[in-house]
Q: 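Please read through the structure below; I'll follow up with questions.
Numbering of ligands and ligand atoms starts at 1, following listing order. Below, each value reflects all heavy atoms present in this structure, side chains not excepted, and no hydrogens, waters or symmetry copies.
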Amino acid sequence: MRIGIFGGSFDPVHLGHLAVARRAAARLRLDEVRFVPARVQPLKSAGPRAPAEDRIAMLRAAVGGIRGFVVDGREIARSGPSYTVDTLRELRKERPGDELFLLLGADAARDLAEWRESAELAKLATVVVVPRPGAEDVPAPPGAQKLDMRPIDISATAIRDAVAHGEPMDHLVPEAVADYIAAHGLYRTGV
Ligand code: ATP
C-alpha cells in the first residue's frame, strides 16, 4: 500500500488540511492518508491551544467517513514531544511492505533540517512538500517531491483568531468542526 502521513497540531483541522490530503491522495495514488496529531510539536514556540482530546475529536469528526482517511492517535498516546522520526520508524515496522509518503506544508519543510534525525526521515519515507502561501520560495529538500497544487490560504491561526474576535470561520472548517468548536467553547480567548 501507498500511505501518506500527515502530521501536525490540527488546532483545529481545517479545509486546507483536507484539500491537501485529497490532492496528495489523487496525485500520489495513495491508498490511505494517515492524519497524526502531535501531542506537542517540538519546534512550535507555544503549545497547542486546544487539549489533545479535542483536537483528535475534531479530526475524527472531519475525516470520519472519508474513504482512505484515517486518524492515528499514536503521538497523542505517547508521552513527551512528538518526533516524526519515531512515528515513521513505528509505521515502517508495522507495515514493512508499504511505501510511506511524508506530507509537509512548505512552511514546515523550511524547518526540516532542525527536526530530530532529519536525514533519517528521508530514508524512512518520501518527503512531499505542499505549496503554501507565504512559503513559495522554500526549495524542496534533497530527495523530496513537490506536490503540484495551487496554494490554499487557510491556517489554524486564522481560524483561532476569527473565533476569538467573534468573526465567522464556518467557511474554513468542515461543518462538524465548526459545531464542535462552538459546543466546546474552544478558542474564545486569544490565539
Ligand atoms: P497554525 O496556524 O496553528 O500554525 P497550521 O494551519 O499550519 O496551524 P498544522 O496543524 O500546524 O496547521 O499543520 C499540519 C501540516 O499541514 C503542516 O505540514 C502544515 O504545513 C500543513 N498545512 C496546514 N495548512 C496548510 C495549507 N493551507 N496548505 C498547505 N499545507 C498546510
Q: Is it true that the side chains of D11 and Y187 contain a donor and an acceptor less than 3.5 Å apart?
A: yes

Q: Of all the non-hydrogen atoms in the protein, which one sits nearest to atom 1 (P) of ligand 1, and at what distance?
A: T157 OG1, 3.3 Å

Q: Go through the side-chain N and O atoms of T126 and Q145 and say whether any donor and acceptor fall under 3.5 Å apart.
A: no

Q: Purely on distance, is any nitrogen or oxygen of A108 under 3.5 Å from one on ligand 1?
A: no

Q: Take T87 and R78 through the test side chain to side chain donor-acceptor pair (under 3.5 Å) and record every step on the way to the result.
A: CA-CA 10 Å; T87 300; R78 198 190 293 150; 3.0 Å; yes

Q: For D11, is at least one N or O under 3.5 Å away from an N or O on ligand 1?
A: no

Q: Please check if the side chain of D31 supplies one atom and the backbone of M1 the other of a donor-acceptor pair under 3.5 Å.
A: no

Q: Under 4.0 Å from ligand 1, counting heavy atoms only, is it the side chain of V20, its backbone, both or neither?
A: side chain

Q: Given side chains that start at C-beta, do those of L103 and L28 come closer than 4.5 Å, heavy atoms only?
A: yes

Q: Determine, for R74 against E94, whether the closest basic-nitrogen to carboxylate-oxygen distance falls under 4.0 angstrom.
A: yes

Q: What pairs meet the ring-ring contact (aromatic ring centres under 6.0 Å, His included) rule with one or both residues in residues 92-126, with sequence neighbours excluded?
A: none

Q: Output yes when D98 and R2 qualify as a salt bridge under the 4.0 Å nitrogen-oxygen rule, no when they do not.
A: no

Q: Hey, is ligand 1 close enough to G7 that some N/O pair sits below 3.5 Å?
A: no

Q: Salt-bridge test for E117 and R89: reply yes if a basic N is under 4.0 Å from a carboxylate O, no otherwise.
A: yes

Q: Can you list the atoms of ligand 1 that are under 4.0 Å from a heavy atom of F10?
A: 10 (O)

Q: For atom 13 (O) of ligand 1, what is the closest protein heavy atom, and at what distance to 0.1 Å?
A: H17 NE2, 3.4 Å

Q: Check each of D161, I154, D107 against atom 20 (O) of ligand 1 and report the one with the nearest heavy atom.
A: D107

Q: With heavy-atom distances below 4.0 Å as the criterion, list the atoms of ligand 1 near S155.
A: 2 (O), 6 (O)

Q: Can an N or O of R160 be found at a distance shorter than 3.5 Å from an N or O of ligand 1?
A: yes

Q: Of the backbone atoms (N, CA, C, O) and the side-chain heavy atoms from C-beta on, which set of A106 has a member under 4.0 Å from an atom of ligand 1: side chain, backbone, both, or neither?
A: neither

Q: Would one find an N or O of A156, backbone or side chain, under 3.5 Å from an N or O of ligand 1?
A: yes

Q: Give yes or no for whether the N/O distance cutoff of 3.5 Å, strictly under, is met between G105 and ligand 1.
A: yes

Q: Just checking R116: does its CZ atom have more than 12 heavy atoms from other residues, nucleotides or ligands closer to it than 6.0 angstrom?
A: no

Q: Give the atom numbers and elements of ligand 1 that come within less than 4.0 Å of a heavy atom of G8.
A: 10 (O), 14 (C)

Q: Ignoring hydrogens and geometry, is there a side-chain-to-backbone donor-acceptor pair from R34 to I3 under 3.5 Å?
A: no

Q: Suppose we measure from atom 4 (O) of ligand 1 to each protein heavy atom; which comes out shortest, and what is that distance?
A: K44 NZ, 2.9 Å

Q: Hey, looking at atom 30 (N) of ligand 1, which of R132, H14, R150 has the closest heavy atom?
A: R132

Q: Hey, is P48 one of the residues with a heavy atom under 4.0 angstrom from ligand 1?
A: no

